[in-house]
2 protein chains.
Amino acid sequence: MPRRVTIGDVAKIAGVHPGTVSRAMNAKTESQVNADTVVRVRMAAKQLGYLPNSIARGLRTSSTMTIGVIIPDLTNPIFPPIVRGIDSYLGPRGYSSVVVNTDSSDVAERSLFESLMQRQVDGFIVATGHSGHSLMREAYDSGVRAVMVNRDSGGVPYPAVVGDDAHGIWASVEHLAGLGHRALTHLEGPSSFSTSRVRAEAFVAACAEMNLEATVIGCAEYSVDEGQRAMDAILETQRTPPTAIVAGNDLLALGVYHSLRAHGLTCPDDVSVVGFNDMPFARDFQPAMTTVRSPYTELGAESARLLLKQIEESVSIAMRVMLPVELIIRDSTGPAR
Amino acid sequence: MPRRVTIGDVAKIAGVHPGTVSRAMNAKTESQVNADTVVRVRMAAKQLGYLPNSIARGLRTSSTMTIGVIIPDLTNPIFPPIVRGIDSYLGPRGYSSVVVNTDSSDVAERSLFESLMQRQVDGFIVATGHSGHSLMREAYDSGVRAVMVNRDSGGVPYPAVVGDDAHGIWASVEHLAGLGHRALTHLEGPSSFSTSRVRAEAFVAACAEMNLEATVIGCAEYSVDEGQRAMDAILETQRTPPTAIVAGNDLLALGVYHSLRAHGLTCPDDVSVVGFNDMPFARDFQPAMTTVRSPYTELGAESARLLLKQIEESVSIAMRVMLPVELIIRDSTGPAR
DNA sequence: CCAAAAGATGCAATCGATTGCAGCATTGTT
DNA sequence: AACAATGCTGCAATCGATTGCATCTTTTGG
């Protein structure tokens, strides 16, 4: 394995001092070097295939141009777009991201956090939804830079970037009311997620405002199976089942589809369903799902923007950026019977 | 922002030399230090909350414990499980991964590759499907360690970990033949992907073996829209359309669903469809999709294993690991009319 | 009881790039 | 012509951990 080309090799070829090479190669310090020298150095660098060693640079500058991204689970379809949104902002600015999955385990989260600290990441983007642990508080107190995405900061003064979930729920309820539905049921996600509560509260408020009968059923997790189980329970318990379901997310809505089908009911003729997230393939299910689209890519990009701002300007404002969501009306909602 | 705790701080508290701290903290060198000293150092480290700076370590040892993972697009549902499989092997061994997306652009791939080289990653896992560029060749020649996953190494002597696609296609064809289908059509993915060709060739071979009429239609990309377009063309062109479709992947199969529906045909009564990948939600489409399941998580884990082996034992064997796939029979295939 | 071996720790160079400061050369000013 | 200002480059310390070697202490064996 051939030894790597270093700044010293370039300096030798270009006939200058390593320090000069460093200045010539760097956009910010380039102006301190004679223009002729810059081209000479650049040519030597190209000729040797020199790539600055960012480890060495990182040691000296104590900045690694790396961001840690903490998410629950990459195979949950909302996270890939968030991650890509993050990268789309970071990449052009010379930053890389290291993505880790906690599988919603506090222990794992803490150890992954430490491992990223050890790697000297310049900051964190945190998307793990559950609150109630002290990690972020401690991080804040020890001067770590971070921003929350798709979750509330839960009292810790980090910036947070979230979708306007409440508005999405309002729009769903309004849409359903317009179709003549009078009794709505909401399938609420796990209460450990701040988004679950926001959505449930908005649901109750919206129904109250529009004079609709509101029922809320809690689900233990955001999954297809749990949605199916919840809907099964509703169908097998209630004498007059609701004519419309507002699901906490698309996975739960999908579970509702399955339950309906298993009970010989059709959507939207018997029951209208609206999901939340507009996850990939939401339009490909049968019926194509009416759902609220959150701008996940933008959420990611925006969180990256806030983080870099925090890093480069050394100020952290506990701002809360709320991005608009959009109700996508497809075929799973129709007039009430 | 409080200054970070360094090895020197620990040394001072423990009353020893920094070098001793280094040895005491490291599992491999711990035996060189007196047991009492080790506990004293460890206690001092814990007390100060010392985390070794892996940048500094990396500079000295020229190993960053970081792996670069190059994929086309994280939002393509087959990649999250691969990435998680990789991490599941890497994480417990102290490695992290940096995932980058090329969006199938050669230019992007090259620049991302260089940026990862600059970050001194210890090796690469490459999943970008298209061959025909020289990047991996050059990488090999300059001693870079890598393994290919879900694609062939295309002549470059890197190890490759792939699913047994040919077998999956054989199983599909066999299944369809068993249901009485005599004329099969294969929707082939873009020919720049090695997997496309493997699958198409297996399809032709299997049909020949079983005395079935085989047609192959090329698709410009692996997408729902392209699958729909291809099936539309078939339905609107051929006098007697095929009774069964073997799609190059699930996305194409989903497009076939849409086309069928648009033409008033039902699956599987009019046309049977089998997909490839068993992507998330394949069972949730209507009808639930018969498809070939590739062990993506295992593919990822196995590629990580081979890479670490290559790194730690400094040997690269151009082996080709082929993991078994499984035909998952659901509701999109039925007896021929 | 002394020499040799083994054990434990300190010392200092090293990894590769960055950067404040010093020094030299050139240009400009009066 | 003398001096200041400016521009350019070299020098060397620095970031934090690792590690071969030297040194010192303790144990072992004859």
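Just so we're on the same page: letters track the sequence lines, and every chain starts at 1.
Using a 4.5 Å cut-off on side-chain heavy atoms (C-beta onward), A:Tyr158 and A:Val144 make contact. Side-chain contact between A:Pro159 and A:Gln310 is present, with heavy atoms from C-beta onward closer than 4.5 Å. Inter-residue side-chain proximity for B:Asn150 and B:Ile78 is flagged as met; some heavy-atom pair is nearer than 4.5 Å.
One distance of note links CD of A:Glu312 with CZ of A:Arg145; it measures 10.5 Å at 0.5 Å rounding.
Between the side chain of B:Ser115 and the backbone N or O of B:Ser111, no donor-acceptor pair lies under 3.5 Å. A donor-acceptor pair under 3.5 Å is formed between the side chain of B:Ser54 and the backbone N or O of A:Gln118. Side-chain N or O atoms of A:Asn101 include none that pairs as donor or acceptor with a backbone N or O of A:Asp103 at under 3.5 Å.
Atom NZ of B:Lys28 and atom C1' of D:dA17 are 14 Å apart (whole Å). Between the CZ atom of A:Arg60 and the C1' atom of D:dT14 there is a distance of 5 Å, given to the nearest Å. Between B:Ile7 atom CD1 and C:dG10 atom P there is a gap of 12 Å when expressed in whole angstrom units. Taking atom CD of residue B:Gln118 and atom P of nucleotide C:dG16, one finds them 15 Å apart after rounding to whole Å. Here the P atom of nucleotide D:dG16 and the CD atom of A:Gln120 are 9 Å apart, to the nearest Å. For B:Leu59 and D:dT14, the CG to P distance is 17 Å, given to the nearest whole Å. Put simply, CD on B:Gln32 is 13 Å from P on D:dC21, counting in whole angstrom units. When the P atom of C:dT19 is taken as reference, atom CG of A:Asn26 falls 7 Å away, rounded to whole Å.
Where A:Thr61 and B:Thr61 each meet DNA chain C at their nearest nucleotide, the meeting point lying more 5' is that of B:Thr61.
Looking only at atom types and distance, the side chain of A:Thr66 has no donor-acceptor partner in the side chain of A:Arg119 under 3.5 Å away.
Classification of A:Arg4 and A:Asp9 as a salt-bridged pair fails, no side-chain N sitting under 4.0 Å from a carboxylate O.
Interface residues of residues 35-58 of chain B facing DNA chain C, ordered by number: B:Thr37; criterion, heavy-atom separation under 4.0 Å. Residues from residues 11-22 of chain A that place a heavy atom under 4.0 Å from any atom of DNA chain C, listed by number: A:Gly19, A:Ser22.
As judged by a 4.0 angstrom heavy-atom cut-off over every strand, A:Thr6 is placed among residues touching the sugar-phosphate backbone only.
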Distances under 3.5 Å between protein N/O atoms and the N/O atoms of nucleotides 20-24 of chain C, please, pair by pair.
residue, atom, partner, partner atom, Å
C:dG20, O6, A:Arg23, NH1, 3.2

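Residue-environment remark: CE (B:Met322) exceeds the threshold of 12 foreign heavy atoms within 6.0 Å.
The aromatic rings of A:Phe113 and A:Phe124 sit parallel to each other, their planes meeting at less than 30°, with 60° as the upper class boundary.
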